[in-house]
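Structure first, then comments.
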Amino acid sequence: MELSTAITRLCTARNQVLNRVAAPFGLTAVQVMALHHISATPACTPSTLARSLAVDSASVTRLLDRLENKGMLQRAAHERMDRTHDRRVVEIILTEHGCNAIRELKSHWQSARSELTEAFKQSEIHGLALAD
């Protein structure tokens, strides 16, 4: 199997599994990935989140707006010592509701991982691991 085809299939399968896991929480796969990144990254900013999710700044802004409207996160101006009046740097912080959602979602990770693994034949996974 061609590497690009395998990666595309893997990403599609990942999104399908994450969408199923996230649906009871009123979230999408991308929103879950964003929340996970924010929870794992101290001082997360929109630009670091955009790089992590491989999306542009406009997409991250819309994503953050949706998650903020759901009460999952808040944005706070982060004042730097060298620029005390520059409020352009924004830090993304999970709310208690967002932390609870991530904690609850983590209990579903293993079953989601197993489901994703089953979506690929062992030979495909082995071939993907060996591809250069």
Side-chain angles (χ1 to χ4, degrees):
M1 176 186 319
E2 190 176 312
L3 180 59
S4 62
T5 302
I7 291 170
T8 300
R9 287 193 57 224
L10 182 61
C11 288
T12 299
R14 178 203 59 195
N15 287 344
Q16 290 171 344
V17 169
L18 282 177
N19 277 324
R20 274 197 298 281
V21 170
F25 298 91
L27 299 170
T28 66
V30 173
Q31 290 171 340
V32 168
M33 289 186 286
L35 289 173
H36 176 71
H37 180 79
I38 294 164
S39 73
T41 307
C44 184
T45 65
S47 60
T48 60
L49 182 60
R51 282 191 298 277
S52 171
L53 297 175
V55 297
D56 61 30
S57 61
S59 295
V60 163
T61 298
R62 288 188 301 273
L63 173 65
L64 293 175
D65 287 344
R66 288 183 186 111
L67 289 171
E68 194 169 31
N69 288 337
K70 292 176 188 248
M72 299 281 184
L73 60 83
Q74 62 185 20
R75 293 176 252 201
H78 181 73
E79 289 189 12
R80 292 175 36 182
M81 295 303 282
D82 59 335
R83 296 182 188 174
T84 56
H85 299 293
D86 186 353
R87 297 188 50 175
R88 290 177 294 174
V89 178
V90 174
E91 189 173 318
I92 309 164
I93 304 163
L94 290 181
T95 62
E96 185 176 342
H97 183 52
C99 289
N100 290 339
I102 281 294
R103 196 171 19 264
E104 187 81 21
L105 283 161
K106 283 184 180 179
S107 69
H108 299 281
W109 283 166
Q110 186 58 42
S111 63
R113 191 174 314 153
S114 297
E115 187 178 339
L116 185 56
T117 301
E118 290 172 19
F120 283 81
K121 297 176 188 154
Q122 286 300 322
S123 62
E124 291 175 323
I125 293 171
H126 182 68
L128 184 59
L130 295 177
D132 291 343

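Every heavy atom of this structure was used, including side-chain atoms; hydrogens, water molecules and symmetry mates were not. Being a predicted model, the structure only gives us computed values, none of them experimental.
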Result block: side-chain N/O donor-acceptor pairs under 3.5 angstrom for residues 97-106, not counting sequence neighbours:
{"from": "N100", "atom 1": "OD1", "to": "R103", "atom 2": "NH2", "distance (Å)": "2.4"}
{"from": "N100", "atom 1": "ND2", "to": "E96", "atom 2": "O", "distance (Å)": "3.3"}

> Between H108 and F25, is any pair of side-chain heavy atoms under 4.5 Å apart?
Replying inline: yes
>> I'd like to check the side-chain hydrogen bond (donor to acceptor under 3.5 Å, both in side chains) partners of S52; sequence neighbours left out, ordered by chain and number.
In response: H37
> Any idea which heavy atoms bring L73 and E68 closest together, and the distance?
Replying inline: O-CG, 3.5 Å
> How long is the span from the OG atom in S57 to the CZ atom in R62, to the nearest 0.5 Å?
Replying inline: 9.0 Å
> Taking atom CD of Q31 and atom NZ of K70, what is their separation to the nearest 0.5 Å?
Replying inline: 4.5 Å
> Among the clusters formed by ILVMFWY side chains lying less than 4.5 Å apart, do L94 and V30 turn up in the same one?
Replying inline: yes
> L53 and L63: side chain to side chain contact (heavy atoms under 4.5 Å, CB included), yes or no, with the steps?
Replying inline: CA-CA 11 Å; L53 297 175; L63 173 65; 3.6 Å; yes
>> Is there a path of hydrophobic side-chain contacts, each under 4.5 Å between heavy atoms, that joins I93 and I38?
In response: no
> Considering only heavy atoms from C-beta outward, does the side chain of R75 approach that of D65 to under 4.5 Å?
Replying inline: yes
>> Set out, in order, the CA-CA distance, both residues' side-chain angles and the distance that settles side chain to side chain contact (heavy atoms under 4.5 Å, CB included) for V60 and R51, then state yes or no.
In response: CA-CA 10 Å; V60 163; R51 282 191 298 277; over 6 Å; no
> Between CD1 of I92 and OG of S47, what distance do you get to the nearest 0.5 Å?
Replying inline: 8.5 Å
> Which value, rounded to the nearest 0.5 Å, describes the distance between T48 atom OG1 and E91 atom CD?
Replying inline: 9.5 Å
>> Is a donor from one side chain sitting under 3.5 angstrom from an acceptor on the other, for S59 and D56?
In response: yes
> Hey, what do you get for CG (L64) to CD (Q74), rounding to the nearest 0.5 Å?
Replying inline: 12.5 Å
> Once you round to the nearest 0.5 Å, how far does CG of L27 lie from CG of L35?
Replying inline: 6.0 Å
